[in-house]
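First comes the structure, then the notes that go with it.
Here is how names work: the chains are called A, B, and so on, in the same order as the sequence lines, proteins then strands, and each is numbered from 1.
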Amino acid sequence: MRWTKTYIPTLREDPADAVIDSHKLLLRAGLVRQLTAGVYNYLPLMQKVLLKITQIVREEMDASGAIEVTMPVLHPAEIWQKSGRWEVLGKEQMRMKDRHLRDLVLGATHEEVITSMVRGELKSYRQVPLNMYQIQVKFRDEPRPRFGLMRGREFIMKDAYTFDVDEAGLKVAYDKMADAYFKIFNRCGFQIKMVESDVGAMGGTGAHEFMVLVDTAGGEEVILACERCEYAANIERATSLVMSDESSREAKKEKALVYTPNMKTVEEVTGFLKVGPEKLVKTLLYQADGETVAAMIRGDRDINEVKLKNHLRCLELEMSPPDIVMKVTGALVGYAGPIGLSGVRIVADPEIKTMVNFVVGANKDDSHIINTNLEDFKIDEVCEIRKAEAGEICPRCNQGRLKAYSGIEVGNIFMLGTKYSDALDAKFVDAEGNERPFVMGSYGIGITRTAQAAIEAFHDEKGIIWPKTIAPYDFHIIPINIEDEQQKKVSFDLYEQLQNLGFDVLIDDRDERPGVKFNDADLIGIPIRISVGERGLKEGAVEIVIRRTMEVEKAPVEKAASRAAEIWEIL
RNA sequence: CGGGGUGUGGCGCAGCCUGGCAGCGCACUUGCUUUGGGAGCAAGGAGUCGGAGGUUCAAAUCCUCUCACCCCGACCA
């Protein structure tokens, strides 16, 4: 492709609206332009990248035995109401009404659609296992779109769905998809990490995310991974070993009410009482679908609301407002405690069970109780609700410490079970003649997000460094001075030769100054650049430059194409 | 949804406080020169100052309302 015949609007300056490197580069390299919040045009270079990524995805999905289909973007509300996700997704879902005022949905995922699609027609155990996928635009009405394609309201995804007769079949399908995902992301050039994750609104029995690890600020999720074994989990899901601390060997003391005027935070109370925050137990009040629940957690820990929400099996979970706190505890916010708290479910983190002589709120203004022990109150349920932290001990090998990484989620896989086949009535007849719901799985890859993740993972201060498998072009030829007939001829000869060898080639035929072309080349990040200029031609040579390392090799004009192809092979 | 910020030519910004000719850099067009890391000179085109209402002799500037976008938080299949 000739630069002058395509559209690559590069920017010299950083766009004002971009914060993270990959977002700035998406805009500066002329890959995308925003239409409205969270919605982007994909310009010619980006289109090439997306096609290369989707091609890899297609090849590996097909190789795994999955069958490609295309499902509608526009869905009737009815199927979402049937599965119960109309309420679960709520405002996350892009919704509209048609002229008849019927509710419609712009799909964020397609479990409901595919389940309706096969219902009544896929009906024998002989027809499965079946895996169908599509590459399709998706919508999510993000409360706050940001970071370019990382958190958009419209994006492209590959989503696949499997149908099996039982859990064992699902496990096979699930592992097969995980395997395909490793192949896909490795081909895209990533070091990928598969981590355990929460199932969220998807529902089901288990899930994993595929994360690209980045050391920049561009990561959007924190993951914890054991430094000794293979354990790795999203922060929402990560657990750690409960360590009984030193104080648990103390002799139990008599509890006592203490006056703590205006001391509401953990810091204030422990500072005032001259004890560490690990000697205090926070009692946090939540409204779980209207019911008030108390969550107890050690003072120096953070609560993991996802874990609490999962334990309570509620749709909405939020901190109780002050008036409810007052009603339940009889005190202002900041003095809630488990002793004498009635009519409220008390959920405690297991770590609490290891503690002695701790501080709790007294359910009375300006008062706490010291030397509290487990016998002093009743715990209704014990459930891990604390956020695991870096440095804690791995729950799997019980030895290694957990380390935190910043990651970008580019893929996820879910074991759905029969949630959707039950709700939408997709059943088959087994060998014994019994009617049973399909056991399903669902598997996503964010195509547009993967492109941005590549930029985040592979760039330097001058621009993008595309992995060769997903680069918009393989070679970038720069005639230093396009007005010079010899340079022009050599450049275009090379352009044709490389194309004849099957490569995707971009030639910068603009009448621009060399500096402009070099800077744009560095910015858009084609893996190999070939400079054709007076300096080299004097010796009958052109320069082959590797973008990643900026290594330069001179090659004779007549051997340039074959030499460039060799370098490509080993890149 | 709470808090903060920004809307001025395609992009990046100044001007606003203290009302008085709408500016700068880059980009764009034309000409000449220049051509190995973002050229020089000259000439030129391009802006309802996000929108509506108000105050005033006069509003980019002050007031009210509103819309959009960005950031922090909440949220996040």
Side-chain angles (χ1 to χ4, degrees), chain A residues 9-20 23-24 27-28 30 33-39 80 83 85 88-94 105 107-112 138-148 150-153 155 157 159 197-204 207 209 217 220-221 234-236 305-306 309 315-319 409 411-414 416 419-420 442-446 449 462-463 478-484 487-488 508 510-523 529-538 541-543 545 550 552 554:
Chain A
T10 58
L11 299 174
R12 187 180 292 213
E13 295 169 276
D14 273 341
D17 285 346
V19 177
I20 63 173
H23 187 196
K24 288 178 186 168
L27 292 161
R28 284 195 56 209
R33 285 294 181 266
Q34 179 172 301
L35 178 62
T36 182
V39 179
W80 289 90
S83 72
R85 289 208 290 185
V88 175
L89 292 173
K91 289 182 181 152
E92 296 294 311
Q93 195 168 43
M94 201 68 86
V105 168
T109 178
H110 283 71
E111 283 79 10
E112 284 80 357
K138 308 271 186 193
F139 295 86
R140 271 189 74 174
D141 198 352
E142 282 289 344
R144 187 178 157 208
R146 63 187 131 169
F147 304 149
M150 211 71 98
R151 184 128 307 215
R153 294 198 295 170
F155 49 96
M157 282 198 77
D159 49 321
S197 62
D198 184 71
V199 297
M202 197 64 94
E209 289 173 347
E220 38 111 48
E221 286 198 47
N234 184 308
I235 191 78
E236 291 179 348
E305 292 186 0
V306 173
K309 194 171 172 182
L315 289 181
E316 292 287 336
L317 182 73
E318 53 187 5
M319 297 284 295
E409 178 192 349
N412 53 28
I413 55 180
F414 294 89
L416 297 175
K419 174 173 172 169
Y420 299 95
S442 141
Y443 318 86
I445 288 179
R449 176 184 273 215
K462 296 186 84 71
I478 297 185
I480 304 288
N481 180 358
I482 194 74
E483 301 286 277
D484 180 288
Q487 289 181 37
K488 190 172 175 182
D508 191 346
R510 291 176 299 172
D511 183 13
E512 279 288 354
R513 304 196 51 93
V516 172
K517 296 190 184 184
F518 289 144
N519 279 302
D520 275 346
D522 294 341
L523 182 59
R529 184 178 100 202
I530 302 175
S531 303
V532 179
E534 186 185 358
R535 202 190 279 167
L537 289 182
K538 259 189 233 161
V542 298
E543 285 153 33
V545 185
M550 287 295 182
V552 182
K554 285 191 179 163

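No side-chain heavy atom of A:R449 sits less than 4.5 Å from a side-chain heavy atom of A:M157. The closest side-chain heavy-atom distance from A:Q487 to A:I480 is below 4.5 Å. The shortest side-chain heavy-atom distance between A:V19 and A:R146 does not fall under the 4.5 Å cut-off. In this structure, A:K138 and A:D159 have side chains that are in contact, with non-hydrogen atoms separated by less than 4.5 Å. Residues A:R153 and A:T36 are in side-chain contact: their nearest non-hydrogen atoms beyond the backbone lie under 4.5 Å apart.
Residue side chain A:E13 reaches the base of B:rG25 through a donor-acceptor N/O pair under 3.5 Å, judged by distance alone. A donor-acceptor contact under 3.5 Å is formed by the side chain of A:R529 with the base of B:rG37.
Rounded to a whole angstrom, the distance from the P atom of B:rU64 to that of B:rC17 is 15 Å. Rounded to the nearest Å, the gap between the P atom of B:rC70 and that of B:rU29 is 30 Å. B:rA43 sits 15 Å from B:rC26 when the P atoms are compared, rounded to a whole Å. Distance noted for atom C1' between B:rU18 and B:rA60: 15 Å (whole Å).
Nucleotide B:rG12 holds its P atom 10 Å from the CG atom of A:L27, rounded to whole Å. In this structure, CZ of A:F155 is placed 11 Å from P of B:rA77, rounded to the nearest angstrom. Here B:rG37 presents its C1' atom at 13 Å from NZ of A:K517, a figure rounded to the nearest Å. Computed from coordinates, the A:L523 CG to B:rG38 C1' distance equals 11 Å when rounded to whole Å. The distance from atom CG of A:D508 to atom P of B:rG38 is 15 Å, rounded to the nearest whole Å. Rounded to whole Å, atom C1' of B:rC75 lies 12 Å from atom CG of A:L317. Remark: P of B:rG38 and CG of A:D14 are 18 Å apart, rounded to the nearest angstrom. The CD-P distance, from A:E92 to B:rC75, rounds to 11 Å in whole Å.
Contact annotation for A:K538: no contact, since no heavy-atom pair falls under 4.0 Å across all strands. Contacts of A:G536 with the nucleic acid, taken as non-hydrogen atoms under 4.0 Å apart, include base atoms. When heavy atoms are screened at a 4.0 angstrom cut-off, A:K309 is found touching the sugar-phosphate backbone but no base atom. Within 4.0 Å of A:D484, counting heavy atoms only, lies no atom of the nucleic acid at all. The residue A:E305 sits close only to the backbone: its heavy atoms come under 4.0 Å of sugar-phosphate atoms, none of a base.
Comparing A:P15 and A:Q487 against RNA chain B, the residue whose closest nucleotide sits nearer the 5' end is A:P15. For the pair A:M157 and A:M550, both in contact range of RNA chain B, the more 5′-proximal nearest nucleotide belongs to A:M550.
The pairing partner recorded for B:rC1 is B:rG73, the criterion being a Watson-Crick or G-U wobble arrangement whose two distances lie under 3.5 angstrom. Nucleotide B:rU6 forms a pair with B:rA68, judged by Watson-Crick or G-U wobble geometry with both contacts under 3.5 Å. B:rG47 is unpaired under the Watson-Crick or G-U wobble criterion, no partner having all donor-acceptor distances under 3.5 Å. Under the Watson-Crick or G-U wobble criterion, with both distances below 3.5 Å, B:rG25 is paired with B:rC11. Across the strands present, B:rA39 finds its partner in B:rU33; the criterion is a Watson-Crick or G-U wobble pair with both atom distances under 3.5 angstrom. Using Watson-Crick or G-U wobble geometry with both donor-acceptor distances under 3.5 Å, B:rA58 finds no partner in any strand shown.
When each of B:rG36, B:rC75, B:rG38 is scored by its nearest atom to the side-chain atoms of A:R28, the top-ranked nucleotide is B:rG38.
The two residues A:Y443 and A:I413 have their closest heavy-atom pair at CD2-CG2, 3.4 Å. For A:L27 against A:R33, the heavy-atom pair with the smallest separation is O-NH1, 2.8 Å.
A donor-acceptor pair under 3.5 Å links the side-chain atoms of A:K517 to the main chain of A:D508, judged by distance alone.
Once rounded to the nearest 0.5 Å, the distance linking CD of A:E236 with OG of A:S197 reads 8.0 Å.
Using a 3.5 Å distance cut-off with no hydrogens or angles, the side chains of A:E534 and A:N481 do not pair a donor with an acceptor.
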What nitrogen or oxygen pairs link the protein and nucleotides 39-43 of chain B at under 3.5 Å?
unit_1: B:rA39; atom_1: OP2; unit_2: A:R513; atom_2: NE; d: 3.1
unit_1: B:rA39; atom_1: O4'; unit_2: A:R513; atom_2: NE; d: 3.3
unit_1: B:rA39; atom_1: N9; unit_2: A:R513; atom_2: NH1; d: 3.3

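For the pair A:R85 and A:E111, the salt-bridge criterion is met [side-chain N within less than 4.0 Å of a carboxylate O].
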Let me have a per-nucleotide readout for nucleotides 66-72 of chain B, 5' to 3', with B, S or -, counting only protein heavy atoms under 4.0 Å. ---SSBB
